[in-house]
Amino acid sequence: MMLDTVARATSTPELNQPWRELGLKEDEYQRIREILGRRPTSSELAMYSVMWSEHCSYKSSKVHLRQFGEKAPKSDALLVGIGENAGVVDVGQGYAVTFKVESHNHPSFIEPYQGAATGVGGIVRDILTMGARPIAILDPLRFGPADAADTKRVLPGVIAGIGGYGNCIGVPTVGGEVIFDDSYSGNPLVNALCVGVMKHEDIKLAKASGAGNLVVLFGAKTGGDGIGGVSVLASETFDDKKATKRPAVQVGDPFTEKVLIECSLEIFKEDLVVGIQDLGGAGLSCATSELASAGTGGMHVELDRVPLRDANLSPEEILMSESQERMCAVVPPEKVERFMELCKKWDVVATVIGQVTSGKHLEITWHGELIVDVPPRTVAHDGPVYNRPFTRPSWQGELVANGAENLPRPRSESALADAILTLISSPNISDKSWITSQYDKYVQGNTIAAGPCDAAVIRIDESTFLGVAVATDCNGRFCKLDPYEGTQLALAESFRNVAVTGAKPLAITNCLNFGSPEDAGVMWQFAESVRALADGALEMGLPVTGGNVSFYNQTGAVAILPTPVIGVLGVIDDVRKAIPYKFSGVKELILLGETFEEFSGGEWAHLQGHLGGLPPRVDLKREMILAQFMHAQRDFISAAHDLSDGGLAVALIEMLLHSQMGAKISIHGDPFTQLFSESTGRILLAVNPEDSNYLVGKATDAGITTTRLGESGGENLEISGVLSMSMLHIREANQGTIPALFTA
Amino acid sequence: MRVGVVTFPGTLDDHDAARAVRFAGGEALSLWHGDSDLQGVAGVILPGGFSYGDYLRCGAIARFSPIMSAIIPAAEKGLPVLGICNGFQVLCESHLLPGALTRNSELHFLCRDQEIEIVNNESAWTSDFSNGERIIIPLKNGEGSFQCDDRTLNELESNNRVIARYVGLNPNGSRNSIAGITNARGNVVGVMPHPEHAVDPLTGPTADGLAFFTSLMKTRI
Amino acid sequence: MAKVIVDVVLKDEILDPQGDAISRALPRMGFTFSPTSVRQGKSFIITLDHEPGSDELSEIEKAAATLLSNPVIESFSIRVEN
Amino acid sequence: MAKVIVDVVLKDEILDPQGDAISRALPRMGFTFSPTSVRQGKSFIITLDHEPGSDELSEIEKAAATLLSNPVIESFSIRVEN
Ligand SMILES: Nc1ncnc2c1ncn2[C@@H]1O[C@H](COP(=O)(O)OP(=O)(O)O)[C@@H](O)[C@H]1O
Ligand SMILES: [Mg+2]
């Protein structure tokens with residue numbers, strides 16, 4: 001096939017191009033022609049089409065995401081904000097921490113193991129790119145019903161893939177979520193969050209500046225991974241059905257990533273790069289155009305220098321390839337020799353593929369012929385922006401009118417006990433250690449707390465005991481009932497999970513998983529969700545440091561529950577003071593916060609097959625008061641656990657199971673409400689009996705409602721006048737479910 | 001006492017092993033897979049991880065590295081060597097220890113706090129335990145099932161070369177619940193669970209693993 | 001008695017990091033034969049106490065296509081040994 | 001061009017949990033053929049751009065015996081395909 005050079009594009013302006021097959025709209029194609037003043041070459045068309053895709057350009061979400069900047073609270077902690085690969089916050093003592101979540105939903109549905117594995121690989125490289133050592137992974141996951149045949153295919157593969165990659169690169173997987181719901185049947189969610197740590201002076205940015213600096217590609221060789229549709233460009237004519245079939249499935253090589261991490265960190269330590277970018281979605285197209293666009297604009301790349309795994313790749317395919325475990329660095333010429341030495345030490349393939357120029361264009365040649373000549377900003381940053389229509393769906397009113405508060409409630413001792421057993425053995429609530437035990441939580445030797453617990457706690461300095469706490473959360477049912485409240489509830493819960501460790505919450509990240517933006521109802525959910533998060537972040541004084549948007553999560557016309565996963569990161573000055581999740585010995589159990597009749601969207605209602613009504617009311621100010629209290633009183637709290645899915649019944653049982661304890665408590669008012677309500681802003685504490693008066697006094701001073709529940713001890717859960725159940729029985733019910741469903 | 005900690009590409013627990021040596025009062029010296037100079041260390045630790053990606057078989061490619069060609073003859077002459085997890089696999093592949101580590105019987109990676117019983121406190125790496133002592137340290141691997149033929153198993157058992165066994169449910173299908181073994185001389189030890197992750201209760205389940213490293217400090221070479 | 005062997009290999013276009021690692025290890029270990037590629041596959045050795053009939057073989061083929069291989073990234077072939 | 005295939009199998013006396021898991025899964029998935037055993041092996045497909053000479057084959061055999069298989073638990077065989 002004839003090479004489509006810039007010269008050829010100029011001389012054959014009317015050549016028919018497969019822009020539609022590549023997902024471009026007619027007006028988008030026309031805009032490209034206007035920008036270039038000619039038709040694009042096939043390589044340029046490939047670059048624009050993929051960089052202007054929803055995934056890379058955020059064309060439907062941009063207008064909403066702007067609120068994170070516009071409403072941003074003043075934060076001294078924010079060192080690098082939205083726009084870079086991941087945001088960076090100051091955690092003190094000269095340390096900076098970066099964290100971000102990303103989705104790999106669709107690939108994980110097609111090939112669960114590799115989809116999840118490469119999802120982890122991708123987010124870890126984003127963190128590494130900032131100059132940081134990756135120190136923890138969290139994996140918020142959503143699957144179809146636990147007993148569905150396809151869940152048996154998807155879940156074990158996803159878990160093995162996350163473990164297979166994370167364990168092998170030596171980053172502990174320490175938290176996340178596993179939630180089952182019908183709406184995810186044909187569209188599981190595989191989100192991955194990574195946390196990294198660095199010194200302030202080691203922060204790296206993705207920009208190519210300084211004419212004469214060299215562009216170096218390093219890591220794995222480039223193969224035909226993930227270029228699917230673009231291969232039409234490599235065929236004789238784009239309607240030639242013989243187009244080479246390229247694998248849409250990317251395969252991860254965690255060993256190469258591990259070596260890339262160590263090699264990159266040594267390169268950073270010697271200050272050998274002026275800019276760096278990982279190769280993720282859209283591969284070299286994205287890396288070169290973003291680096292150039294964020295710099296001074298000029299870059300020259302000799303594409304034929306790219307080391308290939310498959311010698312038959314066309315230039316268009318090389319530009320598009322999503323082969324994993326690759327990075328692109330901008331290196332001053334005098335430092336390139338040392339750069340290459342370090343790559344050699346780690347046996348990492350590294351190749352100079354071009355240089356920064358003083359011009360304004362990104363020029364790419366293939367064996368000396370010019371095939372790309374574009375202003376890089378137009379590719380990377382000035383993509384289309386859509387103001388998509390959004391309207392509250394017509395069914396929303398009916399949905400919220402039908403609250404779970406009206407369902408018949410269990411009243412008798414046996415009915416309440418049954419409800420408890422059903423709840424704690426249900427797939428969403430039941431023990432997940434079959435899953436978490438497939439993850440290495442000990443590697444790096446800094447794990448203070450890892451799932452199952454509210455937030456993972458990781459030490460970042462061995463001598464000062466500085467550390468961070470991280471959690472992710474989202475109840476998609478709450479978000480369906482009210483995307484605004486639901487999103488703030490997710491923020492509140494994630495925040496509270498960090499707060500119960502005694503950490504000071506510092507920053508927010510998010511992964512917004514929604515259906516099709518072309519559906520006005522879904523777009524409304526999205527718009528409400530972003531508005532809620534921006535408002536909530538402002539109210540709490542926490543910056544949103546980055547995130548990810550995943551649209552088109554639906555099966556046919558049916559969208560998933562709106563699932564804005566919110567991650568919160570906090571700092572702990574001394575991890576030895578982190579409040580644990582389990583305790584030993586006899587403790588007094590105290591509930592902080594108020595309980596209302598709030599069941600809609602909750603776990604109990606879900607088990608009745610009910611979804612309707614309004615979610616619990618959220619009060620972010622109260623959450624902040626609770627957090628301040630937890631931090632201030634951490635020396636007097638033996639253990640703490642936040643109340644969420646399944647209310648007090650579940651929180652209490654989880655805490656007792658982990659502490660291998662029973663308890664004798666009493667509750668006042670309607671037992672069902674006390675046990676199953678999912679009112680937010682509540683925390684269960686275990687405290688030494690001699691400290692309880694003091695603590696209750698302090699809480700009252702802070703305006704926090706307290707309820708003294710009773711004491712731990714014994715082998716039963718006794719709720720006086722209500723029920724008594726054996727903890728052994730409870731444990732069996734809680735632990736049996738997941739292994740029974742998923743053991744091969 | 002200077003103890004070498006080997007780093008292969010893909011090694012993960014080298015920092016933890018070095019930390020454990022320091023906690024035990026020793027000095028940790030990093031040894032690079034591509035070097036063949038042992039720099040006069042008094043003992044060597046092969047830490048856990050996925051050396052060379054563990055592609056092919058765990059430990060198979062690491063065995064042929066320059067550092068192993070220095071370690072193998074030194075170990076045969078009595079240098080104390082401790083292989084943890086992947087290090088144990090490398091020792092088996094190098095034939096310094098018999099048997100092999102294969103896929104866990106449950107077929108997936110397993111990370112948990114594991115109780116083991118020290119059944120031989122005469123090796124260079126277990127002398128600071130008492131016989132029959134039960135400890136809890138992390139177990140984390142996908143291929144930790146100790147396998148060998150009956151003759152080898154007999155030899156190990158009758159010569160008191162099993163140093164530790166899993167207590168309770170066998171976590172991975174290892175023959176005779178073997179968690180660790182030693183060579184005939186007692187200087188080379190392989191153990192599947194991770195003592196280096198149990199030297200500080202802040203970050204591990206216990207500090208029970210420390211005695212592996214203090215044992216070496218007391219060993220007369 | 002017969003053995004039905006199902007050989008499963010990664011499709012050519014799928015990255016095989018294990019095979020690549022072996023390719024790289026060979027020269028380091030002093031082997032001089034130089035393959036254009038090394039790929040790692042799996043095999044399943046199914047032992048039967050009789051010669052398999054054509055019904056059985058087609059069942060095995062179905063098992064190979066569903067349980068034993070992952071059609072998204074792998075292909076398989078079947079051979080019978082006596 | 002030729003392919004030299006090294007087939008590696010676990011020795012009979014060594015436990016093969018993967019093979020056992022497949023044996024157990026087959027009837028659950030509705031397959032009716034009943035093997036006396038299923039064992040999982042590995043294969044290495046070495047592609048050469050020429051017919052291998054006898055020197056090369058003996059080198060490959062050496063690689064199979066040292067690197068590609070572990071004699072403690074595995075045995076191997078070699079076949080050549082054109
Ligand atoms: N939902 C969101 N909230 C905040 N920032 C977002 C969100 N989605 C994307 N971003 C930001 O937009 C930028 C581009 O994102 P993305 O293209 O996913 O980055 P990358 O290619 O490095 O993964 C990043 O800085 C990212 O943090
Ligand atoms: Mg990035």
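Chain naming here is simple, since letters A, B, ... match the order of the sequence lines and numbering starts at 1 in each. What you see below is based on every heavy atom in this structure, not just the backbone, and it leaves out hydrogens, waters and symmetry mates.
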Legend entry - From A/T743 atom OG1 to B/H108 atom NE2, the distance as rounded to the nearest 0.5 Å: 6.0 Å

Inset, instruction - Identify which part of A/V259 has an atom lying under 4.5 Å from any heavy atom of chain B, answering side chain, backbone, both or neither. - result: side chain

Legend entry - Spacing of CG belonging to B/L12 relative to CD1 belonging to A/I169, to within rounding of 0.5 Å: 9.0 Å

Inset, instruction - Can you measure from OH (A/Y439) to CG (B/L110) and round to the nearest 0.5 angstrom? - result: 13.5 Å

Legend entry - Reported OG1-to-CZ distance for the pair A/T436 and B/R112, which is rounded to 0.5 angstrom: 12.5 Å

Legend entry - Closest-packed option against chain A by number of heavy-atom pairs under 4.5 Å, given B/C111, B/G204, B/G48: B/C111

Inset, instruction - Could you check whether the rings of A/W346 and B/W32 sit parallel, tilted or perpendicular, using 30° and 60° as the cut-offs? - result: perpendicular

Legend entry - Test log, rule side-chain contact (heavy atoms from CB on, under 4.5 Å), inputs B/D16 and A/Y442: CA-CA 10 Å; B/D16 303 89; A/Y442 283 114; over 6 Å; no

Inset, instruction - Verify side-chain contact (heavy atoms from CB on, under 4.5 Å) between B/Y55 and A/D253, making sure each step is shown before the conclusion. - result: CA-CA 10 Å; B/Y55 294 139; A/D253 178 356; 2.5 Å; yes

Inset, instruction - Give, for atom CD of A/Q438 and atom NZ of B/K140, the distance between the pair rounded to the nearest 0.5 Å. - result: 15.0 Å

Inset, instruction - Against chain B, work out which of A/C168, A/G170, A/A449 has the most heavy-atom pairs shorter than 4.5 Å and name it. - result: A/C168

Inset, instruction - For B/H197 and A/V443, work out which heavy atoms get closest and say how close. - result: CE1-CA, 3.9 Å

Inset, instruction - Measure A/Q444 against the heavy atoms of chain B and call it side chain, backbone, both or neither at under 4.5 Å. - result: backbone

Inset, instruction - Enter the distance from B/H15:NE2 to A/N446:CG here, rounded to the nearest 0.5 Å. - result: 10.5 Å

Inset, instruction - Tell me, for B/L202 versus chain A, whether the close heavy atoms (under 4.5 Å) come from the side chain, the backbone, both or neither. - result: both

Legend entry - Portion of B/D113 that has a non-hydrogen atom of chain A nearer than 4.5 angstrom: side chain

Legend entry - B/E196, part contacting chain A, at a heavy-atom distance under 4.5 Å: neither

